[in-house]
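Report on the following structure.
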2 protein chains.
Amino acid sequence: MTIVENAKSPCRGRGRPPVRTDEETRDLIVQAARAEFDASGYAGASMCAVAQRAGVSTKTLYRIIPTKDALFESVIADRIGRFIIEIDERALAHLDIEQALERILVAFGRLTLDSKTIGILRLVLSECERFPEIGRHFYEAAVKRSGDAMALWLDEQCRKGLLDLEDPQLGAAMLRGMMIMEPQRAVMMGQREAPEIDEIERRAKICARLFLNGCRSAAA
Amino acid sequence: MTIVENAKSPCRGRGRPPVRTDEETRDLIVQAARAEFDASGYAGASMCAVAQRAGVSTKTLYRIIPTKDALFESVIADRIGRFIIEIDERALAHLDIEQALERILVAFGRLTLDSKTIGILRLVLSECERFPEIGRHFYEAAVKRSGDAMALWLDEQCRKGLLDLEDPQLGAAMLRGMMIMEPQRAVMMGQREAPEIDEIERRAKICARLFLNGCRSAAA
DNA sequence: GAATTTGGAAAATGACCATAGTCGAAAATG
DNA sequence: CATTTTCGACTATGGTCATTTTCCAAATTC
């Protein structure tokens with residue numbers, strides 16, 4: 001008695017079969033919307049342009065995602081998972097502390113200095129007044145989570161006696177700032193291209209050394 | 001034979017005297033526009049709302065500032081002078097290097113962690129795709145100039161042998177990042193209030209110590 | 001082929017906006 | 001009071017946009 005089936009099950013229904021599943025269409029739309037919002041901001045983006053970019057009609061667009069607000073939120077939600085940096089203790093175990101921190105900073109830099117990431121960040125910053133939920137969600141899921149991961153690692157190094165830090169959260173915040181603020185801001189303002197991997201590595205090396213020296217000396 | 005007088009000289013003209021000078025009206029409008037753009041972004045702001053906030057008619061608004069673009073540029077231009085940090089060598093001369101750096105960081109923090117400053121920064125970041133001139137101008141006049149001032153000071157300390165830095169520009173960038181990125185971003189995302197002066201001072205102290213220790217140790 | 005279902009193209013709707021222009025009430029001079 | 005000037009209230013125009021609706025050409029089953 002399964003009256004309700006998957007709406008898109010392939011072999012039922014008499015009419016014209018769907019070109020794509022709604023899932024796929026949804027993806028197309030969200031990708032298109034990301035590009036459009038990125039180029040024009042929330043208020044400047046046009047639903048019509050999104051539909052064109054996605055290659056669907058506005059009718060389909062509105063069937064899948066019913067309002068512009070919902071579309072914007074979908075775009076952010078779709079990307080938010082990519083803003084988290086994982087720190088894998090075991091992969092770093094065989095490295096000395098400076099090399100390990102370098103690795104962590106490189107991972108963080110690759111993530112946050114990527115031009116797509118910066119595009120989303122700009123969107124969030126621009127619109128978080130209009131969509132406080134998005135600001136909060138992004139901050140919790142991306143900024144805070146990366147910070148916590150770093151702080152946890154720093155705290156562990158302290159417990160191992162390799163480091164002396166009063167406040168690992170603050171230390172993590174400073175590390176992130178010294179690593180990415182300047183280049184990220186320059187990219188966001190259109191004053192330079194996103195840095196290549198070798199620049200990120202160079203920067204990470206200098207940051208790691210300066211930071212660790214700063215802490216070790218403080219301990220002495 | 002002075003035929004052309006000041007357009008608003010108080011005692012000529014037979015008709016109704018102007019309520020304000022055009023200068024004053026212009027100020028009113030720019031202030032109102034700052035609030036409106038800040039609240040709604042460029043595309044979302046309405047000229048009508050700006051006029052209402054300023055308490056003038058749209059006619060007057062357009063007489064003083066002829067287009068929305070020009071208004072936006074006026075808002076940014078009006079504020080851009082406030083984003084520059086001056087470093088007064090003589091005022092710092094009697095301090096040791098750590099105290100001096102602390103002072104510099106406090107000045108920089110007060111400037112860049114102020115909620116009005118952050119509002120303008122958000123505007124610039126949001127709209128610098130639409131107004132590349134604004135992005136460039138802001139970057140040159142604010143970001144770069146502050147950075148240069150700091151780098152110059154750092155370089156001088158190196159020459160005095162108090163510091164060992166390969167790249168003072170990079171050092172200045174890192175200092176700024178560690179000092180302000182995290183709190184500035186949290187404020188911009190609406191996740192906290194702008195920090196009070198004592199928090200800024202605490203942060204400056206920690207930054208200065210960590211940074212100087214980092215550099216000195218690198219020299220040893 | 002008839003019935004049925006899909007989704008694109010295009011137009012319709014109702015709102016808001018930048019910008020320009022008209023009108024007239026107020027306030028000063030002579 | 002007549003004249004002159006300022007400026008706000010109101011209206012108009014041409015445009016864009018989000019959202020809805022209509023119409024229709026496939027594509028599939030029976």
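Throughout, a chain's letter reflects where its sequence line sits, starting with A, and its residues are numbered from 1.
Contact annotation: A/T58 side-chain N/O to D/dT19 OP1/OP2 distance is not under 4.0 Å.
Atom pair A/I64:CD1 and D/dT19:P shows a separation of 16 Å (rounding to whole Å applied). Protein atom CZ of B/R16 is 20 Å distant from nucleotide atom P of D/dA2, rounded to whole Å. Between the CD1 atom of A/I29 and the P atom of C/dG8 there is a distance of 9 Å, given to the nearest Å. Between A/I65 atom CD1 and D/dT19 atom C1' there is a gap of 15 Å when expressed in whole angstrom units. Remark: P of C/dC17 and CD of B/Q52 are 10 Å apart, rounded to the nearest angstrom. Atom P of nucleotide C/dT5 and atom CG of A/D22 are separated by 16 Å, given to the nearest angstrom. As a whole-Å value, the separation of A/R63 CZ from C/dG8 C1' is 12 Å. Nucleotide D/dA27 holds its C1' atom 15 Å from the CZ atom of A/R20, rounded to whole Å.
Listed candidates were C/dA27, D/dA27, C/dA20. Nearest to the side chain of B/Y62 is C/dA20. In this structure, of C/dG8, D/dG8, D/dC7, it is C/dG8 that holds the atom nearest to the side chain of A/V56. Ranking C/dG7, D/dC7, D/dA18 by closeness to the A/S46 side chain, first place goes to D/dA18. When distances are taken from the side chain of B/M47 to each of C/dA18, D/dG8, C/dA25, the shortest belongs to C/dA18.
Between A/R136 and A/E133 there is a salt bridge, since a side-chain N of the basic residue sits under 4.0 Å from a carboxylate O of the acidic one. B/R122 has a carboxylate O that lies under 4.0 Å from a charged side-chain N of A/E129, or vice versa, which qualifies the two as a salt bridge.
With a cut-off of 3.5 Å on both pairing distances, the Watson-Crick or G-U wobble partner of C/dA15 is D/dT16.
Remark: the B/Q169 side chain and the B/D155 side chain contain no N/O donor-acceptor pair separated by less than 3.5 Å.
Comparing B/K59 and B/T67 against DNA chain C, the residue whose closest nucleotide sits nearer the 5' end is B/T67. Toward the 5' end of DNA chain C, the nearer of the two residues B/A43 and A/S57, judged by each one's closest nucleotide, is A/S57.
To the nearest 0.5 Å, atom CG of residue B/L123 and atom CD1 of residue B/I134 are 9.0 Å apart. Between atom CD of residue B/Q52 and atom CG of residue B/L61 there is a gap of 11.5 Å, rounded to the nearest 0.5 Å.
Across all strands shown, A/A45 has heavy atoms under 4.0 Å from sugar-phosphate atoms exclusively, and none from any base.
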